[in-house]
Amino acid sequence: MPVIELLVIQPTPFCNINCSYCYLPDRRSRAVVSKETLSNLFTEVFASGWVRDCLSVVWHAGEPMVLPVEFYRDAFRTIDALKPACVSISHSFQTNGMLLDDAWCDFLLAEQVGIGVSIDGPRHLHDRHRLTRSGQGTFDRTLAGIRLLRRRGVPFHVISVLSSPSLKSPGEMFDFYVSEGIEEVCFNVEESEGDHVSATFAQHDVEAEFSRFMTEFWRRSAAAPGRMSFIREIDHAIRQVLRPQDAVTLNQLTEPFAVISMDVAGNISTFSPELLGLKNAEYGDFLLGNINTDRLVDMLAHPNLARMRRDIEAGVELCRQQCQYFSVCGGGEPVNKLSENGSFVSTETTHCRLTRMRLTDLVLDAIDRLPASGSAITGFAGQAHVPVVPDRLEM
Ligand code: SF4
């Protein structure tokens, strides 16, 4: 029986900006998800019997804050009215932060919504890619949003997309975060997906550059205790390496319905959220049905699911047989295998070499360098409120 861990809901495809690396195809559309569609989704999710005691909901795949606070107040009330008492729900937004104001802060605090703000570092790095439709930089407004969150005491983390110049600037990136009081960071390397082809991935030395970046960033963090409380990539790699011997790595992106993605029209997909919106000769539009017309439990029997599942599981099996990092990875991310290798039935990608292999190497090297008397690996701190978001979601 599936276990739903994460719902990724597209409240609107619209985005108020136009980043050069964005993979979302309909970001000019001003469609808004209807109350009925949300109600149908949560009715079906709770009726499926596939939810345990907690469920994460990420409002994403468009800029969520282009909709008014009242939209989410209504949506949260609708969800709460449908929710069994034994299930707890944590909501989070991934936002460019430009529309944050006091009303948003009041709401985020009252509802304990997790916030990830997309900022790519200091102005000259951020404004290379994160632009308005007229080509203006967005740094000032994003930073104003971050400063407001800090003033108002709203917990948040940032997600920064690393491209070629920022990979060469770990010290400058670290100093920027510290100067702005940003304590929790997540990194995504600009990657190829959908129609976007990453120039960074095409660099022959991207793996070495990424390793150098993370090594130096971690070193600086360890040398300045109290400044950086969470570096997602390091935190995750340490957890994977230093886990109980018999602990199995669960990969929610390869488990049917562990992650459910719903677009603004109620179309449902699973596995990697980024598949929703893509098209492919073998799997069509990756859809399993529409929540306004189909039962969620019936989607288990959808032929598209059978095809995707067969091939994704075959890819995981190849990983299990061939990759020495399988125990810390669990078989990678289907959308990367498809985007980079042209098939789910494949193994290595640039994405997994960076986010799994090189980070694991980094942690193993750090453990090797520990004195024999044994001391803690510095720079690691677990965090409670950073949501379970696949590491490729960015806006
Ligand atoms: S690191 Fe790459 S090749 Fe290895 S198990 Fe993960 S996805 Fe497969």
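Sequential numbering from 1 along the given sequence is applied to the chain's residues. As the structure lists them, so they are numbered: ligands from 1, and atoms in each ligand from 1.
- Separation of the F76 and H91 ring centroids falls under the 6.0 Å cut-off.
- Y283 and F344 have their aromatic ring centers within a separation under 6.0 angstrom.
- Side-chain polar atoms of T349 and N336 form no donor-acceptor pair below 3.5 angstrom.
- Of the protein's non-hydrogen atoms, G332 CA, 3.3 Å is the one closest to atom 7 (S) of ligand 1.
- Each of the following atoms of ligand 1 lies closer than 4.0 Å to a heavy atom of E348: 3 (S).
- With a 4.0 Å heavy-atom cut-off, ligand 1 is reached by the side chain of M357 but not by its N, CA, C or O.
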Which is it for V8 and L6 under the side chain to side chain contact (heavy atoms under 4.5 Å, CB included) test, yes or no, and what are the steps along the way? CA-CA 6 Å; V8 181; L6 173 66; 4.0 Å; yes
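- Judged purely by distance below 3.5 Å, without hydrogens or angles, the side chains of Y177 and S160 pair a donor atom with an acceptor atom.
- With hydrogens left out, the protein atom closest to atom 8 (Fe) of ligand 1 is C319 SG, 2.3 Å, a heavy atom.
- With hydrogens left out, the protein atom closest to atom 4 (Fe) of ligand 1 is C323 SG, 2.3 Å, a heavy atom.
- Backbone or side-chain N, O or S atoms of C329 do not reach atom 8 (Fe) of ligand 1 at under 2.8 Å.
- Looking only at protein heavy atoms, the nearest one to atom 2 (Fe) of ligand 1 is C352 SG, 2.3 Å.
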